[in-house]
Amino acid sequence: MTTTETQPASFRSPEEVTVGTVVFDRDADTVAVVREVKGLMVDLERPTGLTWDVAYGRLRPGTEREGRQLQALAKLQRARMRGMP
């Protein structure tokens, strides 16, 4: 049995976007965490260290499932870093 999760709508203003929030970037088709809000642009980061800027209007709040996926990716990245010589 599966459940469906309703995806939230886009942010209506940059003031709605807060640092540390999990968001989905429609342009990059990926989930990330907000690092900084700079006017109309938002600086995002993945647990792998990848960062990029995107217009706030291209973002929507991440779902609970997407947040869990991001946490799992962060855990995997930490394990990979420990295994490096």
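Everything numeric here is computed off the predicted structure, so don't read it as measured data.
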By salt bridge (Lys or Arg N to Asp or Glu O under 4.0 Å) - contacts of Asp27 (at least two apart): Arg58
Single-linkage hydrophobic cluster Leu40~Val17, side-chain heavy atoms < 4.5 angstrom: yes
Leu59 CG to Leu44 CG distance, which is reported to the nearest 0.5 Å: 5.5 Å
4.5 Å side-chain heavy-atom contact, Arg80 and Leu76: yes
Residue pairs fulfilling salt bridge (charged side-chain N to carboxylate O under 4.0 Å, His left out) with at least one residue in residues 39-48, sequence neighbours excluded: Arg35-Asp43
Let me check something: any side-chain donor-acceptor pairs from residues 49-56 under 3.5 Å, sequence neighbours excluded? List them with distances.
residue, atom, partner, partner atom, Å
Trp52, NE1, Asp25, OD2, 2.6
Asp53, OD1, Lys38, NZ, 3.4
Asp53, OD2, Lys38, NZ, 3.3

Joint cluster assignment, Val37 & Phe11, ILVMFWY side-chain distance < 4.5 Å: yes
Whether Glu66 side chain and Gly62 backbone form a donor-acceptor pair below 3.5 Å: no
Single-linkage hydrophobic cluster, 4.5 Å side-chain cutoff, Val33 and Val19 together: no
Side chains of Leu70 and Pro47 in contact at under 4.5 Å (non-hydrogen atoms): yes
Within-4.5 Å side-chain heavy-atom neighbours: Arg68 and Arg65: yes
Shortest non-hydrogen separation from Ser10 to Gly57 and the atoms involved: OG-O, 3.8 Å
Side chain to side chain contact (heavy atoms under 4.5 Å, CB included) assessment of Lys75 paired with Gln71: CA-CA 6 Å; Lys75 183 178 179 181; Gln71 289 173 346; over 6 Å; no
